[in-house]
**Student:** 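Quick one: structure below, then a few questions.
Numbers restart at 1 for each chain; the letters A, B, ... are given by sequence-line order, proteins then strands.
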Amino acid sequence: MHKENTGDAPSAPTPRVRHHRKRNTDVVAGAGKPNGSHLLVNDSSKYKSFLIRAYSTVWMIGGFALIVYLGHLYITAMVVVLQIFMARELFNLLRKTHEDKQLPGFRLLNWHFFFTAMLFVYGRILSQRLVNTVTPDKVLYRLVTSLIKYHMAICYSLYISGFVWFILTLKKKMYKYQFSQYAWTHMILIVVFTQSSFTVANIFEGIFWFLLPASLIVINDIFAYICGFFFGRTPLIKLSPKKTWEGFIGASITTMISAFLLANIMGRFLWLTCPREDLSTGWLQCDPGPLFKQETHALPGWISNWFASGFKRAFKVKDFGDSIPGHGGITDRMDCQMVMAVFAYIYHQSFVVPQSLSVDKLLDQIITNLTLEEQQALFTKLGQVLQEKVIGS
Amino acid sequence: MEKDLNQNSPRIRKLRDNGYPPNTPTSRMNNNNQRDNHPNSPRDYNHTPSSPTARLRWRNRSNEIPTEVKRGNASNVRNLLLGDKNKYRSMWIRTCSSLWMLGGVFFIIYMGHLYIWAMVVGIQIFMAKELFFLLRRAHEERRLPGFRLLNWHFFFTAMLFVYGRILQQQLVNTVSSDRFIYKLVSGLIKYQMVICYFLYIAGFMWFILTLKKKMYKYQFGQYAWTHMILIVVFTQSSFTVANIFEGIFWFLLPAALIAMNDVAAYFFGFYFGKTPLIKLSPKKTWEGFIGASVATTISAFLFANVLGQFQWLTCPRKDLSTGWLHCDPGPLFRPEYYPLPTWIASFSPWKEISILPVQWHAFSLGLFASVIAPFGGFFASGFKRAFKIKDFGDSIPGHGGFTDRMDCQMVMAIFAYIYIQSFIVHQDYSVEMILDHISRSLGHEEQKMLYAKLGDILRHKLQGGF
């Protein structure tokens, strides 16, 4: 996920630190200078940084394309790995080594909560697909359905044991530190898992619903950078002194257009538009639905573009980590993606998929509580009832 | 007591300016010492009748009084010594407010589900207010107008989201008679997630736009704090409300068990308390803990029997009406008769006892209430110690704030909800029952939709070779 800024810092040779900080984060570092001198247009060695960044971007895009080709399961695996890295960066961020030495096992608690959250979130999202995968095997089927039935209870017990463990490890002089860590852990897990769970939900609805929003963010970034590079003059917001209105508006327009085009292109591939009903990895065949038969795909593109532009916020005060050369850490890359994933999921659930809540609820109950034979019996009986109604009315 | 210290001394003024709780530190300490030092607080598992000097050392929940205040309060020692008389007064206050609360709860239960829901919402608002107020610092607050409003915006969004999800079925059932309102309501429900999301995003953008240069850390801290508060407050209250509409029994029993556990622990600690339980709460003892566990589990068994006989308590409420309820309570509440063994039967008037199957479930609830739920109390104690606060608030005379009362209830409510959803509801599914449910609650169009979707799923499964 290549993210650029609308404008880059002018690199006087001394603040090299600022020069390589591509996310405009440095309210701390760059606070002293007046805004005008920060714009990329005035930067002389900007071309060199441009090359470095472009190089790592190309690698990331290549790797990403490969994963998309491999399929839903691999994309989910990639998301999970990204999550683990993000969580690790964020967990490390506010830890203080001095206190940590006096609290052995406290880090383990973080990962315990991480594991519980993962079980909970992916259990909910993928339960239906999991069931579909193991349907042929009787024993596994029964095992899996009962696990799913008691899924909430299992996750809750895990959470409560973590909670009790936390209380038992409270040490006398360190209450404040431990409570802050506890709250921080919760916030991190919520932020990381909300977006990744929505991302995975989108993926299994059809790679299209994951790929399009992600690409739009990337395109928005790139075009904001390019427009700022060539035209940037007026600063956008005090928080990010290097972003400019020209970059913002230029990016909005280009993203809108490319959303239009991208949706058209992507919508032609069954691999991207079909939902995945189980956890297999083979090719997909399906009837993609009326949405993809049309030639235009205007509205969602427009809205998602607006969001992509609207959320180019860069308010961190330092990089979250240094996993990716030239780009900061994983969290730096993913921050806008997070917001986008949530929006895409909600948009999809509300406007794209025809929903009826009571039908879905009942369907859920049927699937989780009846055996396959019972479901088939229900199906035939329901068919008869509907037939009678049609005949009778 | 407040007259003993010069209110206008620079030190006191400085303390007040730093955003200490509204009462002056000294008066608050006095009040709370009076409250804490009286012997009948149900939280004191181990009551040690203490000499007046020992009382000084003996802080009820925490030793968070900052050193500046401690140093300057020599005159307060005199006041504490004289405070012996006040312990009866404080006990009286505490008993009075307890009785009022109890009476109010009974009244609300009699009134019904909708009113209990309103009470829960009211308690939530108070709790949120206490907690929002807790870590605010007056100095920064003055420079950020409108920041408090942001908290309430998020509160409102969370309320819309949570209750929209939990009560949507009930809401739909209430308005199903009127076509127009029905369409309006189902439209709102369909887009509920979007509406709440946009409200949240609006708040998020508002937050970003109000970030002020030197106050980033404070503002972000407040933002995170707001989220944590809302999550804690709304998770438990939403589960409570879900329990209520499942049947008042499922709200009343867990709450009563927590209260029972408190009271029993106090009495066992009072009479037998010797070994301290946990460093966080120095007055809790193992004897109190174990005795209370036994007592709570047994009373869970008995309570469930008593409460399970009222249809008002056991019937689920399917809509938002307030009238009387009649229903078939389900197999859980139908008494089963077990003959007593002969050696008991010979000298007792009853030949058999009736047990409601739900009583066995009540065992687990009682066990949880006595073993795990107190950790909610420990958490709150630790939290208050960590952040050097005495009480979460002072809304209830003699008891502190709402959060102080509710800390164990919160943990219990969540457990009750999950227990109910996993082990109690949905026990008796059969094809006929579901068919019946379908024909009752779905319209013709929806039934066809269900049929089509079910057909798709079954076809997928039967294609095999996954």
**Student:** Aromatic contact between A/F163 and B/F375, with the criterion being ring centroids under 6.0 Å apart: yes or no?
**Tutor:**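 Ring-ring flag for A/F163/B/F375: false, centres at least 6.0 Å apart.
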**Student:** I'd like to know whether B/L280 forms a side-chain contact (heavy atoms from CB on, under 4.5 Å) with A/Y175, so could you lay out the CA-CA distance, the side-chain angles of the two residues, the decisive distance to 0.1 Å, and finally the verdict.
**Tutor:** CA-CA 10 Å; B/L280 268 176; A/Y175 292 146; 3.6 Å; yes
**Student:** In terms of heavy-atom proximity below 4.5 Å to chain A, should B/I414 be classed as side chain, backbone, both, or neither?
**Tutor:**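 For B/I414, the contact with chain A is made by backbone and side chain together.
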**Student:** Go through the atoms of A/L382 and report whether side chain, backbone, both or neither lie under 4.5 Å from a heavy atom of chain B.
**Tutor:**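 Both parts, backbone and side chain.
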**Student:** Drop me the distance from A/I190's CD1 to B/I231's CD1, to the nearest 0.5 angstrom.
**Tutor:**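 Those atoms lie 3.0 Å apart.
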**Student:** Could you walk me through whether A/L168 and B/F378 satisfy the side-chain contact (heavy atoms from CB on, under 4.5 Å) test, starting with their C-alpha distance in whole Å, then the side-chain angles of each, then the deciding distance to 0.1 Å, before giving a yes or no?
**Tutor:** CA-CA 9 Å; A/L168 293 175; B/F378 298 152; over 6 Å; no
**Student:** Shorter than 4.5 Å, heavy atoms on both sides: which option in A/K176, A/K173, A/Q376 has the most such pairs with chain B?
**Tutor:**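 So the answer, after comparing A/K176, A/K173, A/Q376, is A/K176.
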**Student:** Can you tell me which portion of B/I372 sits under 4.5 Å from chain A's heavy atoms? Options are side chain, backbone, both or neither.
**Tutor:**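 For B/I372, side-chain heavy atoms alone lie under 4.5 Å from chain A.
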**Student:** Would one find more than 12 heavy atoms of other residues, nucleotides or ligands at under 6.0 Å from atom CH2 of B/W206?
**Tutor:**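 Correct, the count exceeds 12.
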**Student:** For A/L378, is it the side chain, the backbone, both or neither that has a heavy atom under 4.5 Å from a heavy atom of chain B?
**Tutor:**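 For A/L378, heavy atoms of backbone and side chain both lie under 4.5 Å from chain B.
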**Student:** Can you tell me which portion of B/F368 sits under 4.5 Å from chain A's heavy atoms? Options are side chain, backbone, both or neither.
**Tutor:**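 When you check distances to chain A, only side chain atoms of B/F368 fall under 4.5 Å.
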**Student:** Measure distances from B/Y417 to the heavy atoms of chain A and classify the residue's part below 4.5 Å as side chain, backbone, both or neither.
**Tutor:**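 For B/Y417, side-chain heavy atoms alone lie under 4.5 Å from chain A.
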**Student:** Could you measure the distance from the OG atom of A/S157 to the CD1 atom of B/I418? Nearest 0.5 Å is fine.
**Tutor:**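 One finds 8.0 Å between OG of A/S157 and CD1 of B/I418.
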**Student:** Hey, are the side chains of A/Y156 and B/Y419 touching, using non-hydrogen atoms and a 4.5 Å cut-off?
**Tutor:**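 No, side chains not in contact.
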**Student:** side-chain contact (heavy atoms from CB on, under 4.5 Å), that's the test. Do A/F179 and B/R385 meet it? Break it down for me.
**Tutor:** CA-CA 10 Å; A/F179 272 96; B/R385 244 178 246 248; over 6 Å; no
**Student:** Looking at CD of A/Q178 and CZ of B/F383, how far apart are the two atoms once the value is rounded to the nearest 0.5 Å?
**Tutor:**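 Interatomic distance, A/Q178 CD to B/F383 CZ, rounded to 0.5 Å: 13.5 Å.
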